[in-house]
Amino acid sequence: MSLTLDTYRLLGRSGLRVSPLALGTATFGTEWGWGAERDEARKLFDLYVERGGNFIDTASTYTDGSSERLLGEFTRDNRESLVLATKYTTLRRPGDPNSGGSHRKSLFASVEASLRQLNTDYLDLLYLHVWDFTTPVEEILRGMDDLVRQGKVLYVAISNAPAWQVSRMQAIADLRGWSPLVALQIEYNLTERAGERDLIPMAREMGLGVIPYSPLAGGVLTGKYSRDDLTATDAVSGDSTRKNFNLALGTVTERNLAIADVVKEVATELGRTPAQVGLAWTLRNPGVTAPVIGARTPEQLEGNLGALEVDLTAAQLARLDEAGTIGLGFPHDMLASDHVRRVTAGDLRIETRR
């Protein structure tokens, strides 16, 4: 069934309505060596909003703050209609150890900076961006709750953190009456499915909406990379900075290119682009609320939005699932075995409805 950007979904266990695709704005600004200049970024923003989109994703340090500053300009006339999500914890001033991290000082200073840059009185959604392994969870949760009580933040969320810490935080928030986490942002796509082991099941159990970033694996699933890139050592003209960034991250591998081949095969069958098929697979996962899509040109964004109209058959979904499947590991594989089923339930047939 085709979707539209105004086919809104509830975010986690909140009543907040968000579009099924979020607009990522790490491409707003060119400070990182790629991205869109102001006028082009405005076209991206307008296209998304005019199509009914309301879920905008940024962070305090994206493109050295340009992303938030541009959004502050673009949202001047329709702020209340949008769900603005930003993040804190990444270092805002090199050399200042307290300008980054998950602690209270970093949290409050980053939020104040985001409010100024976004030209707004409140943030709809605030993520802890990157887990720092040092700040006590009670300090984080209490700081977030204080910001909610002050009206500077409406909802809180988390990204890039271990599942056991997230579930622990949610339990503490519930027990102490603090603001619960409503969303979990993770890297998730056909080549990166580790979230299926614990993060996505945990999110469903604990009431967090899953917001995948990099749903196209840094461009690998679009078909822009080939086997020649496996041995490439020199910068490539045009998209060299972004391409070298992905090569350095290790996303261009033989396994991932093989998965991309299956995506291209399905795209050919449907008369769609590989990007649309890769996005559609993530978009239609029942554990996912809204993948974050990024673009540098209106044409790229228009193409990505076409994923909303892609209908994958059961056979095509099965092929895509098989191409990128991973082992869930212990204890999941053991608990799913026939032996464990026999010793825990015998011949009984027990239907689960979760």
Side-chain angles (χ1 to χ4, degrees), residues 4-12 14-29 31 35-88 90 92 107-129 143-157 159 179 181-183 185 209 211 213 289-295 298 301 304-305:
T4 59
L5 283 178
D6 55 3
T7 308
Y8 300 113
R9 297 173 170 182
L10 294 180
L11 183 59
S14 77
L16 188 64
R17 290 93 163 169
V18 298
S19 293
L21 288 173
L23 178 64
T25 62
T27 57
F28 282 25
E31 286 79 1
E37 298 280 2
R38 178 198 170 279
D39 291 345
E40 200 76 351
R42 181 69 203 231
K43 293 176 184 177
L44 294 171
F45 175 84
D46 288 343
L47 172 60
Y48 176 78
V49 173
E50 287 166 4
R51 292 277 293 271
N54 75 340
F55 197 12
I56 314 290
D57 183 271
T58 186
S60 60
T61 56
Y62 280 177
T63 52
D64 300 337
S66 283
S67 175
E68 286 192 338
R69 286 190 290 270
L70 289 172
L71 283 174
E73 177 185 344
F74 300 162
T75 61
R76 196 165 295 160
D77 298 326
N78 57 353
R79 171 66 186 93
E80 286 192 32
S81 301
L82 301 172
V83 177
L84 282 182
T86 192
K87 313 175 189 74
Y88 90 101
T90 49
R92 290 176 296 110
L107 167 61
F108 277 69
S110 184
V111 165
E112 292 296 337
S114 289
L115 291 172
R116 289 192 300 271
Q117 292 184 157
L118 287 166
N119 191 34
T120 185
D121 296 326
Y122 68 97
L123 306 173
D124 295 290
L125 184 66
L126 176 69
Y127 290 96
L128 184 157
H129 198 170
M144 286 181 158
D145 186 66
D146 284 345
L147 288 167
V148 172
R149 291 174 188 270
Q150 292 171 15
K152 295 181 178 181
V153 173
L154 301 187
Y155 297 94
V156 293
S159 174
S179 300
L181 303 168
V182 300
Q185 191 166 126
I211 312 297
Y213 66 84
T289 301
V292 179
I293 57 172
L301 179 57
N304 287 343
L305 294 179

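For the numbers below, each heavy atom of this structure counts, side chains included, while hydrogens, waters and symmetry mates do not.
Enclosure of atom CG in Asn78 by more than 12 non-hydrogen atoms of other residues, nucleotides or ligands within 6.0 angstrom is indicated. In Gln150, the CD atom is crowded: over 12 heavy atoms of neighbouring residues, nucleotides or ligands sit closer than 6.0 Å.
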Next on the checklist: Show, in sequence, the C-alpha distance, side-chain angles and deciding distance for Thr120 and Thr75, and conclude whether the side chain to side chain contact (heavy atoms under 4.5 Å, CB included) test is met.
Outcome noted: CA-CA 9 Å; Thr120 185; Thr75 61; over 6 Å; no
Checklist entry - Step by step, would you call Val182 with Leu125 a side chain to side chain contact (heavy atoms under 4.5 Å, CB included)? => result CA-CA 9 Å; Val182 300; Leu125 184 66; 3.8 Å; yes
Next on the checklist: Using side chain to side chain contact (heavy atoms under 4.5 Å, CB included), reason through Leu16 and Val83 one step at a time and then give a plain yes or no.
Outcome noted: CA-CA 9 Å; Leu16 188 64; Val83 177; 3.9 Å; yes
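Side-chain contact between Leu11 and Ile211: present, with at least one pair of heavy atoms (C-beta onward) separated by less than 4.5 Å. Considering only heavy atoms from C-beta on, Tyr8 comes within 4.5 Å of Ser19 through its side chain. Counting heavy atoms from C-beta on, the side chains of Val49 and Leu82 come closer than 4.5 Å. Counting only heavy atoms from C-beta outward, the side chains of Asp46 and Phe74 never approach each other to under 4.5 Å. In this structure, Leu305 and Arg51 have side chains that are in contact, with non-hydrogen atoms separated by less than 4.5 Å. Val148 is listed as a side-chain neighbour of Val156, based on a closest heavy-atom distance under 4.5 Å. Proximity of Tyr155 to Met144: side-chain heavy atoms (C-beta onward) are nowhere separated by under 4.5 Å. Residues Lys152 and Leu126 fail the side-chain proximity criterion, which asks for heavy atoms closer than 4.5 Å.
Here CG of Asp121 is found 9.0 Å from CZ of Arg79. Values are rounded to the nearest 0.5 Å. Rounding to the nearest 0.5 Å gives a distance of 11.5 Å between OG of Ser159 and CG of Leu181. Here the straight-line distance linking atom CD of Glu37 with atom CZ of Phe28 works out to 13.0 Å at 0.5 Å rounding. The CZ atom of Arg9 sits 8.5 Å away from atom OG1 of Thr7, with the distance rounded to the nearest 0.5 Å. One finds the CD atom of Gln117 at 8.5 Å from the OG atom of Ser110 (value rounded to the nearest 0.5 Å). Note that the CZ atom of Arg42 and the CG atom of Leu71 stand 10.0 Å from one another [nearest 0.5 Å].
For the residue pair Thr86 and Glu68, a side-chain donor N or O sits within less than 3.5 Å of a side-chain acceptor on the partner. When only modelled atom types and interatomic distance are considered, Ser67 and Thr58 share a side-chain donor-acceptor pair under 3.5 Å.
A donor-acceptor contact shorter than 3.5 Å is absent between the side chain of Asp57 and the backbone of Ala22. With hydrogens and angles disregarded, no donor-acceptor distance shorter than 3.5 Å links the side chain of Ser179 to the backbone of Asp145. Of the possible donor and acceptor atoms, one in the side chain of Asn54 sits under 3.5 Å from a partner among the backbone N and O of Arg17. Checking side-chain atoms of Tyr48 against main-chain N and O of Leu21 turns up a donor-acceptor pair under 3.5 Å.
A salt bridge links Glu73 with Arg38: the distance from a Lys NZ or Arg NE/NH1/NH2 to an Asp or Glu carboxylate oxygen falls below 4.0 Å. Taking 4.0 Å as the cut-off between side-chain N and carboxylate O, Asp64 and Arg92 do not count as a salt-bridged pair. Salt bridge status for Lys43 with Asp39: absent, with no side-chain N to carboxylate O gap under 4.0 Å.
Smallest separation of non-hydrogen atoms from Gly294 and Asn304: O-ND2, 3.3 Å. The heavy-atom pair separating Tyr122 from Gly151 by the smallest distance is CB-O, 3.5 Å. Considering every non-hydrogen atom in both Thr25 and Tyr62, the closest pair reads C-CD1, 4.4 Å. Taking both residues in full, the closest heavy atoms of Leu301 and Ala295 are given as N-CB, 3.6 Å, listed atom of the first, atom of the second, then distance. Nearest heavy atom pair, residue Ala36 against residue Ala41, reads CB-N, 3.9 Å. The two atoms that bring Phe55 and Val18 nearest to each other are CD2-CB, 3.6 Å, heavy atoms only.
A side-chain contact (heavy atoms from CB on, under 4.5 Å) with Leu123 holds for exactly one of Leu154, Leu147, Val111; it is Val111.
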